[in-house]
Amino acid sequence: MATKVKPNKLARIRNIGIAAHIDAGKTTVSERILFYTGKIHKTGEVHDGAATMDWMVQERERGITITAAVTTCPWKDHDIHLIDTPGHVDFTVEVERSLRVLDGAVAVFCAVGGVEPQSETVWRQATKYQVPRLAFVNKMDRIGADFPKVIREMREKLHANPVPIQIPLGSEDKFGGIIDLVTMEAVTFGGKHGEEAVRAPIPAAFEGEAAGAREALLEAVSDLDDDVATAYLGGEAIAPEKIREVLRKGVIANRIQPVLCGSALRDKGVLPLLDAVVDFLPSPMDVPPVKGVHPHTGQPEERAPDPNGPFCALAFKVAMDEGRRHVFIRIYSGKIEAGDEVMNTNSGKKEKIARLFKTHADRKERLDVAEAGDLVMAAGLRFARTGETLSSISKPIRLEEMSFLKPVISIAVEPKQNKDLEKLKESLQKLADEDPTVELKEDENTGQTLLAGMGELHLEILVDRLRREFGVEVNTGNPSVVFRETIRGTQTVSEVFEKSLDEEKKQNLYAKVTLTLSPLPREAGRSYEDARSPENLELNPTSDREKEELRQGALEALEAGPVDGYPVQDVHIRLDAVEVRPGETTPIALRVAAGNAVRTALREAQPVTLSPLMTLEVVAPEAMTGSVVGDLSSRGARIEGVDSEPGRGIVRALVPLTKMFGYSTALRSLTEGRGTFSMRFARFDALD
């Protein structure tokens, strides 16, 4: 992101994210990366509330990452653009939108906890966007650290292809460094903060283990390259440079995930991780051209990572900075200067980029120009929202938008003083503008403003931000759960819409619609099909606009179900027949008839309410596992598994969100404060 253009600048950029389950230590890993690259001169610790990338007040108070923070740091003539993402499930949107624009990722796993629930979530998100990955097994110095177990769980739970390129030199309190399987050397870390990587022969006690691990590495590399396979089978030596070259190709092709290890808090293992980021993760030139469509013709378009090509960027995060709206963008092609005008191809509006910034957590530095491969923050964009495309006006392109989970929990909010009502509305709108998983609506019965989010912690942070950042003191109502509705049966109905507009002139509106509603599997969403017969189409012709009105009318009727008025999902609408009358059938009449038909069919097709079900994992002392299971059973949980590990039990369950309010307090009481849990949204489903 520097303004000076280096030779092969794109090839020397790494756009990466650090992602993990909460408490795996990814912010500590990020902190050591910043220190070793000279970006900071003193490491700040998460437990002290002093981590550089956790800059929000709420992050430092709670010792967790809430918002994705962007920075750039140099390493061996490369620019590493790094995003430190949250590990808590309530803020998974930050991981989602970061991975959408990144070229590579480092997944951090706890050597004790292994592959935990949010680890699975971020891994799936990376797979969704085909992001090449490295894995770093952290906390090798902790009691219970088990490197082979983490590798096994990566295969079993993530269906990954982990290939260790290091093994630990000891573990727990005897963890002293790593064994580099590429060079077959022991690496320890000296200096005050582990800034000196000291290479030496492998100690005799570890030679056997290292030899076995080296064989496994060579077998994995042989599967990726015929030349290496021939050399390996012939017993020839394979140079470290060749191993790295083949590993890089395998990572970029998403065929393997090299695994490293260390203890970031003890300053061990992060230096080789930095080398691995440069050696194995792709540059913008290594990933395929970004694909999209022409916003006017719908024809496929693509943009190669060329700073001299037409400008194309994706807005991936909106942030309020000092009260002003800023937008983080990933530039895929072309370049942009402060003052340039661009096209928002989602809204069709022209926007002007007033200023450009390079960021380091909450600090920013002015830029004159940014180009392909850069992650920058732009000021002046009034309308751009998360997932929208900015492009050159002369050669527009619209990239695929992002999809986000819908909120599952809401609270009522109102200002403590009536004079703050407008200020509250403005502040809430700014929060919703920043975060696509925040929704605002008005309760039809009480007139209260409802603030919906992904969990209790998410809502707690939002309310705290209202007070601290926006200066609005609010009263909040008890949390309530967001439900959905669906149907269990299949129903065909015919609905006639007929209305007289002017009896004297005999002006009438008329439309008849016959359609069938049928249930879909859970989480299938909604679908619409025009299945009219050729005979019906010939006798009752409809224009393109009328067809669209039929579709819109049918789908709009799903926004409020017949049970309690919640949105309807997992339903297929099949349009069977339409009856029109010349001079009386209008697009609006067809829209109303289709909507009425859907509403009637919903009432008659065995409607049912769907509750949000959460995947829960509880870790507690082994002796207390029975109490945890009993408590969960009383909450209507479906116990899906109980695993035992030395000294602790792990309970996995599917549980209704409605039964989980205040669970953290209950768990502390059951386990004498020693139990922990993580919970993420699974699906909407009927409870019976």
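The basis for the numbers below is simple: all heavy atoms, side chains too, and nothing from hydrogens, waters or symmetry mates.
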For Met285, does the CE atom sit with more than 12 other heavy atoms under 6.0 Å from it, leaving out its own atoms? no
Quick check for you: to the nearest 0.5 Å, what is the distance between His78 atom NE2 and Leu274 atom CG? 12.0 Å
So, the side chain of Lys139 versus the backbone of Ala145: is there a donor-acceptor pair under 3.5 Å, distance only? no
Applying salt bridge (Lys or Arg N to Asp or Glu O under 4.0 Å), can you list everything that pairs with Glu434, at least two apart in sequence or on another chain? Arg465
In Å, rounded to the nearest 0.5 Å, how long is the span from CZ of Arg12 to NZ of Lys76? 12.5 Å
Show, in sequence, the C-alpha distance, side-chain angles and deciding distance for Ser283 and Asp286, and conclude whether the side-chain hydrogen bond (donor to acceptor under 3.5 Å, both in side chains) test is met. CA-CA 5 Å; Ser283 75; Asp286 296 316; 3.1 Å; yes
Let me see the working for Asp225 and Lys242 under side chain to side chain contact (heavy atoms under 4.5 Å, CB included), right down to the final yes or no. CA-CA 10 Å; Asp225 186 274; Lys242 184 63 177 178; 4.1 Å; yes
Backbone of Thr127 reached by a side-chain donor or acceptor of Gln130 within 3.5 Å: yes
Ion pair check, Arg199 and Asp180, cut-off under 4.0 Å: yes
Cationic N near anionic O, under 4.0 Å, Lys268 to Asp141: no
CG/Leu158 to CZ/Arg124 distance, rounded to the nearest 0.5 angstrom? 9.5 Å
Can you tell me how far CD1 of Ile18 sits from OG1 of Thr27, rounded to the nearest 0.5 angstrom? 9.5 Å
Side-chain donor or acceptor of Arg14 paired with backbone N/O of Ala11 under 3.5 Å: yes
Would you say that Ile243 contacts Leu218 through its side chain, given a criterion of any heavy-atom pair below 4.5 Å between the two side chains? yes
Residues Asp103 and Arg330 bridged, charged N to O under 4.0 Å: yes
Name the orientation class of the two ring planes belonging to Tyr663 and Phe677 (parallel below 30°, tilted from 30 to 60°, perpendicular beyond 60°). perpendicular
Going through the checks in order, is the side chain to side chain contact (heavy atoms under 4.5 Å, CB included) test met by Gln257 and Asn161? CA-CA 6 Å; Gln257 294 84 36; Asn161 185 18; 4.0 Å; yes
One thing to verify: whether Lys9 and Asp79 come together as a salt bridge, which I'm taking to mean a side-chain N less than 4.0 angstrom from a carboxylate O. no
Between the CD1 atom in Ile179 and the CD atom in Glu207, the distance rounded to the nearest 0.5 Å is 9.0 Å
Within this structure, what is the CZ-SG distance for the pair Arg142 and Cys110, rounded to the nearest 0.5 Å? 5.0 Å
Electrostatic pair Glu245-Arg248, nearest N-O below 4.0 angstrom: no
Check whether any side-chain heavy atom of Arg100 lies under 4.5 Å from a side-chain heavy atom of Leu399, and answer yes or no. yes
Between the side chain of Arg133 and the main-chain N/O of Val131, is any donor-acceptor distance below 3.5 Å? yes
Tell me whether Asp374 is salt-bridged to Lys358, with the criterion being a basic N under 4.0 Å from an acidic carboxylate O. no
Within 6.0 Å of CD in Glu219, more than 12 heavy atoms from elsewhere: yes
What verdict does the side chain to side chain contact (heavy atoms under 4.5 Å, CB included) test give for Val246 and Ile238, after you've listed the backbone C-alpha separation in whole Å, the side-chain angles of each residue and the deciding distance to 0.1 Å? CA-CA 11 Å; Val246 176; Ile238 303 169; over 6 Å; no
Does some side-chain heavy atom of Leu260 sit less than 4.5 Å from a side-chain heavy atom of Ile178? no
Classify the ring geometry of Phe316 against Phe328: parallel below 30°, tilted from 30° to 60°, perpendicular beyond 60°. tilted
Check: Pro272 and Ile165 side chains under 4.5 Å, non-hydrogen atoms: no
Under the side chain to side chain contact (heavy atoms under 4.5 Å, CB included) rule, what do Phe189 and Asp267 come out as? Steps first, then yes or no, please. CA-CA 7 Å; Phe189 302 92; Asp267 304 314; 6.0 Å; no
Quick one, Phe109 and Trp123 - any side-chain contact, counting heavy atoms below 4.5 Å? yes
